[in-house]
Amino acid sequence: MENTLIKSIYRNTERYLNQEIQISGWVRTLRVSKAFGFIEINDGSFFKGLQVVFEENLPNFQEIAKVNTGSSLIIKGVLVESPGAKQPFELKAQEITIEGDCTSDYPLQKKRHSFEYLRTIAHLRPRTNTFSAVFRLRSLISFAIHKFFQEKGFVYVHTPIITSSDAEGAGEMFHVTTLDLDNIPKTKEGKVDFSEDFFGKETNLTVSGQLNVEAYAMAFRNVYTFGPTFRAENSNTPRHAAEFWMIEPEIAFADLEDNMDLAEEMMKYLIGYALENAPEEMAFFNEFVDKNLLARLENILNSEFVRITYTEAIKLLKEKGESFEFPVEWGLDLQTEHERYLTEKIFQKPVFVTDYPKDIKAFYMRQNDDNKTVAAMDLLVAGVGEIIGGSQREERLDYLEKRMDELGLDKEEYDWYLELRKFGGTRHAGYGLGFERMIMYLSGISNIRDVISFPRTVRNAQF
RNA sequence: UCCUCGAUAGCUCAAUGGUGGAGCAACCGGCUGUUAACCGGUAGGUUGUAGGUUCGAGUCCUACUCGAGGAGCCA
């Protein structure tokens with residue numbers, strides 16, 4: 001008999017009601033009394049499960065009654081309207097086959113577990129309600145990102161995972177090597193001899209696809225990357241991981257305003273997509289993770305994001321007279337407490353902060369006419385903080401070379417990047433969206449470790 | 001990396017420096033519509049590790065390990 005997915009039972013109930021069907025899935029919970037019992041079964045196709053009623057007329061009633069939570073079953077029966085209040089229908093079992101038994105030391109119980117504990121059983125936690133919702137959302141939003149950019153005619157570019165340049169000086173990198181670490185070849189000067197290494201030079205895992213994708217923006221106009229990124233930073237926070245995914249659009253013949261327009265449109269598209277395509281999951285987050293989630297997201301869909309310059313933000317923070325732990329001073333980077341105050345207290349919606357002092361931003365950002373600031377933008381959101389970082393890029397070769405000299409960067413290393421400015425360069429801009437931070441924002445989940453299937457963080461690469 | 005807090009049964013947590021408990025889970029039994037089912041019973045512990053103080057340490061001290069929150073770095 002053909003297997004029916006629980007999702008289609010929910011979506012096309014009339015088609016199955018009073019019909020004989022077969023389902024298969026895992027036992028979430030089982031309650032049994034003398035002559036009958038209930039099994040809550042989840043088959044993975046849908047956030048919600050199906051209640052199965054079984055009675056003692058089943059030849060293996062005693063056996064089924066003893067089945068443990070977590071076991072996998074195949075059930076034939078008739079779908080009927082349920083007299084119970086908590087579900088519209090249920091499956092009256094005619095035949096139950098035990099596909100896979102589950103031992104009694106199964107760690108998932110029918111009660112709430114702490115996220116900390118579930119992290120220690122990362123191979124089992126997708127079977128819980130919360131993680132079922134998180135990872136279905138993650139899958140949907142991955143698709144939505146491609147849908148958004150593809151429908152706008154953007155070209156998806158796969159930039160390399162292994163790179164030979166420290167793209168933007170963006171922090172510590174993971175070395176990639178085939179050298180024998182117990183016997184490292186050395187040069188005459190006593191340094192590691194990378195000419196012996198696989199690529200004949202020092203290589204690392206990428207920290208950003210931006211520099212590479214700029215080359216493709218100069219050919220396809222509008223492009224984006226969506227792939228894994230690696231940072232060997234010793235950061236220990238709920239918002240950082242050593243391996244995470246990033247979306248990096250890059251647009252040609254465009255400036256910082258166009259960049260923010262794109263980012264705002266994308267954010268709203270993704271929020272709308274989640275609300276429309278994962279209603280059960282979003283309702284669950286709203287009930288169990290963050291009671292204000294839906295109100296907040298719906299509010300954002302109908303409001304303009306705030307756009308203020310760094311200089312204005314500093315002025316505003318000073319005027320408010322709030323006592324901060326760290327000083328608010330032009331030239332100093334905004335601290336997390338300042339960013340939160342801006343987006344959570346003053347404006348209560350997403351805020352673009354633009355035009356930061358050049359000394360606290362990367363070399364490739366376009367210098368403004370004031371000679372002090374660059375055309376950078378950060379998007380700050382409640383709870384998560386910085387979710388997007390981007391800029392208009394410096395397209396003027398002389399300005400770019402001068403800036404690299406000031407910062408002591410090796411122009412030889414970036415020769416191909418500089419050539420993009422020589423050979424028909426254009427104004428262009430782009431940004432990086434932290435994919436996991438987006439999932440956190442959409443779900444209300446507050447730790448990045450809980451939106452990555454098997455998270456890699458400092459001193460943790462289990463599973 | 002820095003600051004703060006924490007680690008006790010499988011899970012979530014109690015226990016004034018004086019014989020370590022409860023709820024849930026597990027196991028056994030009961031129950032004709034349950035839904036974190038309910039009722040009765042049984043079993044379950046070198047209190048994160050290593051030292052120290054004390055007649056006596058889960059409790060006080062030191063170091064370490066792991067975890068959480070905050071900061072920095074950023075997405």
Side-chain angles (χ1 to χ4, degrees), chain A residues 28-41 48-56 65-66 68-70 80 82-87 90 92 102-121 128-129 168-172 207-210 225 228-248 263 288 324-326 333-340 360-362 378-381 384-390 431-441 446-452 457-460 462:
Chain A
R28 282 290 175 82
T29 169
L30 184 148
R31 300 172 287 278
V32 67
S33 49
K34 192 176 175 185
F36 64 94
F38 300 94
I39 306 170
E40 173 93 23
I41 201 144
K48 292 182 177 174
L50 182 63
Q51 171 162 285
V52 173
V53 189
F54 65 106
E55 296 176 340
E56 61 182 340
K66 285 189 190 304
N68 289 309
T69 303
V80 296
S82 175
K86 294 207 175 180
Q87 61 281 322
E90 63 193 19
K92 206 122 195 146
C102 184
T103 56
S104 66
D105 55 353
Y106 186 56
L108 289 175
Q109 299 168 17
K110 29 188 165 178
K111 67 166 196 171
R112 279 182 98 156
H113 287 290
S114 65
F115 286 162
E116 290 85 358
Y117 172 64
L118 290 171
R119 275 173 220 148
T120 68
I121 48 170
T128 64
N129 285 334
E168 42 181 295
E172 297 296 309
V207 294
S208 164
Q210 182 203 316
T225 72
T229 302
F230 308 88
R231 304 227 175 135
E233 302 278 310
N234 186 13
S235 36
N236 220 315
T237 83
R239 303 182 303 282
H240 291 85
E243 178 181 322
F244 63 99
W245 286 58
M246 191 155 64
I247 294 97
E248 296 178 289
F288 291 103
F324 294 111
E325 192 185 340
F326 294 93
D333 206 353
L334 293 176
Q335 302 289 318
T336 297
E337 57 170 347
H338 307 142
E339 296 181 342
R340 294 187 66 139
I360 57 175
K361 288 292 180 182
D378 284 355
L379 179 62
L380 312 176
V381 297
V384 177
E386 190 179 330
I387 199 167
I388 283 176
Y431 61 84
L433 167 73
F435 181 59
E436 282 79 10
R437 290 185 180 177
M438 189 66 200
I439 303 301
M440 291 166 72
Y441 189 58
S446 58
N447 195 310
I448 199 167
R449 295 171 180 92
D450 298 326
V451 298
I452 300 177
T457 52
V458 185
R459 305 174 71 83
N460 181 22
Q462 218 193 333

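Naming convention: chains lettered A, B, ... in sequence-line order (proteins, then strands); numbering from 1 in each chain.
- Summarising the geometry, atom CE belonging to A:Met246 is positioned 5.0 Å from atom CZ belonging to A:Arg231; distances are rounded to the nearest 0.5 Å.
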What N/O pairs connect the protein and nucleotides 9-12 of chain B at under 3.5 Å? Give each pair on its own line.
{"unit_1": "B:G10", "atom_1": "N2", "unit_2": "A:Gln109", "atom_2": "OE1", "d": "3.1"}
{"unit_1": "B:G10", "atom_1": "N2", "unit_2": "A:Gln109", "atom_2": "NE2", "d": "2.6"}
{"unit_1": "B:G10", "atom_1": "N3", "unit_2": "A:Gln109", "atom_2": "NE2", "d": "3.3"}
{"unit_1": "B:C11", "atom_1": "O2'", "unit_2": "A:His113", "atom_2": "ND1", "d": "3.4"}
{"unit_1": "B:C11", "atom_1": "O2", "unit_2": "A:Lys111", "atom_2": "NZ", "d": "2.5"}
{"unit_1": "B:U12", "atom_1": "OP1", "unit_2": "A:Ser114", "atom_2": "OG", "d": "2.9"}

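- B:G21 and B:G58 have their C1' atoms separated by 12 Å, with the value rounded to a whole Å.
- Base engagement by A:Gln87 is indicated by at least one non-hydrogen atom pair under 4.0 Å involving a base atom.
- Residue contacts for A:Ser82: at a heavy-atom cut-off of 4.0 Å it reaches a base atom on one of the strands shown.
- Under the 3.5 Å distance criterion, the side-chain polar atoms of A:Ser235 are left unmatched by any main-chain donor or acceptor of A:Thr237.
- The nearest heavy atom of RNA chain B to A:Ser33 and to A:Arg119 marks one nucleotide each, and the one closer to the 5' end goes with A:Ser33.
- Here A:Arg31 does not reach the OP1 or OP2 of B:C31: none of its side-chain N or O atoms lies under 4.0 Å away.
- Proximity of a side-chain donor or acceptor of A:Arg119 to a complementary backbone N or O of A:Asp450 within less than 3.5 Å is not detected.
- Distance, A:Lys66 NZ to B:A25 P: 16 Å, rounded to whole Å.
- Of the side-chain N and O atoms in A:Arg231, none sit less than 4.0 angstrom from OP1 or OP2 of B:C73.
- Following rounding to the nearest Å, A:Asp333 (CG) and B:G72 (C1') show an atom-to-atom distance of 11 Å.
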Test side chain to side chain contact (heavy atoms under 4.5 Å, CB included) on A:Tyr441 and A:Ile387 and set out the steps. CA-CA 9 Å; A:Tyr441 189 58; A:Ile387 199 167; 3.9 Å; yes
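- When atom types are taken as modelled, the side chain of A:Glu436 and the backbone of A:Trp245 share a donor-acceptor pair closer than 3.5 angstrom.
- For B:A50 and B:C13, the P atoms lie 25 Å apart once the distance is rounded to whole Å.
- One atom, NZ of A:Lys34, and another, P of B:U34, lie 18 Å apart when rounded to the nearest Å.
- B:C2 sits 36 Å from B:G45 when the C1' atoms are compared, rounded to a whole Å.
- Candidate nucleotides B:C73, B:C31, B:G33 were compared by shortest atom distance to the side chain of A:Thr237, and B:C73 ranks first.
- Stacking between A:Phe244 and B:A75 is present: the aromatic ring centre lies within less than 5.5 angstrom of the base six-membered ring centre, and the two planes differ by under 30 degrees.
- With both ends at atom C1', the span from B:A75 to B:C5 equals 28 Å, rounded to whole Å.
- Atom pair A:Gln335:CD and B:G72:C1' shows a separation of 8 Å (rounding to whole Å applied).
- Taking the side chain of A:Arg459 as heavy atoms from C-beta on, and the options B:C31, B:U65, B:G72, the nearest nucleotide is B:U65.
- With C1' as the reference atom, B:U19 and B:G23 are 23 Å apart, rounded to whole Å.
- Distances were taken from every side-chain heavy atom of A:Met246 (C-beta onward) to each of B:C31, B:A75, B:U34; the shortest belongs to B:A75.
- A perpendicular orientation is assigned to the rings of A:Phe36 and A:Phe38, their planes being inclined by more than 60° (bins at 30° and 60°).
- Positionally, the nearest nucleotide of RNA chain B for A:Tyr106 lies more toward the 5' end than for the other of A:Gly389 and A:Tyr106.
- If you check distances only, the side chain of A:Gln51 does reach the base of B:U34 with a donor-acceptor pair under 3.5 Å.
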Dot-bracket for RNA chain B, 5' to 3', with Watson-Crick and G-U pairs under 3.5 Å, [ ] for crossing pairs and | for other-strand pairs: what is it? (((((((..((((....[..)))).(((((.......))))).....(((((..]....))))))))))))....
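- Closest to the A:Ser104 side chain, of the nucleotides B:A68, B:C27, B:G69, is B:C27.
- Separating the C1' atom of B:U49 from that of B:A15 is a span of 23 Å, rounded to the nearest Å.
- A pairwise comparison of heavy atoms in A:Arg112 and A:Phe288 identifies NH2-O, 3.2 Å as the closest pair.
- Comparing the C1' positions of B:A14 and B:U54 gives a spacing of 25 Å, expressed to the nearest Å.
- For the atom pair CZ of A:Arg28 and CG of A:Asn129, the computed distance is 5.0 Å after rounding to the nearest 0.5 Å.
- The side-chain heavy atoms of A:Val32 and A:Phe54, taken from C-beta on, include a pair separated by under 4.5 Å.
- Using a 4.0 Å heavy-atom distance criterion, A:Asn236 is classed as a base contact.
- In this structure, A:Asn68 reaches the B:C27 phosphate: one of its side-chain N or O atoms is under 4.0 Å from OP1 or OP2.
- Nucleic acid contact class of A:Ile247 (heavy atoms, under 4.0 Å, all strands): none.
- Nucleotides B:G20 and B:G44 are separated by 13 Å at their C1' atoms, to the nearest Å.
- Within 4.0 Å (heavy atoms only), A:Lys92 reaches at least one base atom of the nucleic acid.
- For B:G33, its base sits under 3.5 Å from the side chain of A:Glu90 at one donor and acceptor pair at least.
- Proximity of the aromatic rings of A:Phe324 and A:His338 is defined here by a centroid distance below 6.0 angstrom, and this criterion is met.
- Proximity of A:Thr229 to the phosphate of B:A75: no side-chain N or O atom is located under 4.0 Å from OP1 or OP2.
- Atom CD of A:Glu325 and atom C1' of B:G70 are 9 Å apart (whole Å).
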Given side chain to side chain contact (heavy atoms under 4.5 Å, CB included), test A:Arg437 with A:His240 step by step and report yes or no. CA-CA 9 Å; A:Arg437 290 185 180 177; A:His240 291 85; 3.4 Å; yes
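- Using a 4.0 Å heavy-atom criterion, one finds that A:Gly432 contacts the sugar-phosphate atoms exclusively.
- Regarding A:Asp450, its CG atom lies at a distance of 9 Å from the P atom of B:A68, rounded to whole Å.
- One can place CZ of A:Arg239 at 10 Å from P of B:G69, the figure rounded to the nearest angstrom.
- Formation of a donor-acceptor pair under 3.5 Å by the A:Glu337 side chain with backbone atoms of A:Glu325 is found in this model.
- Listed nucleotides: B:A75, B:U1, B:U65. Nearest to the side chain of A:Glu386: B:A75.
- Residue A:Gln462 is classed as having no contact, given no heavy-atom separation below 4.0 Å to the nucleic acid.
- Base contact: A:Asn234 has a heavy atom under 4.0 Å from a base atom.
- Within 4.0 Å (heavy atoms only), A:Val32 reaches at least one base atom of the nucleic acid.
- A:Phe435 comes within 4.0 angstrom of nothing in the nucleic acid, heavy atoms only.
- No side-chain donor from either of A:Arg459 and A:Asn236 sits under 3.5 Å from a side-chain acceptor of the other.
- In this structure, A:Glu436 places its CD atom 13 Å from C1' of B:C74, rounding to the nearest Å.
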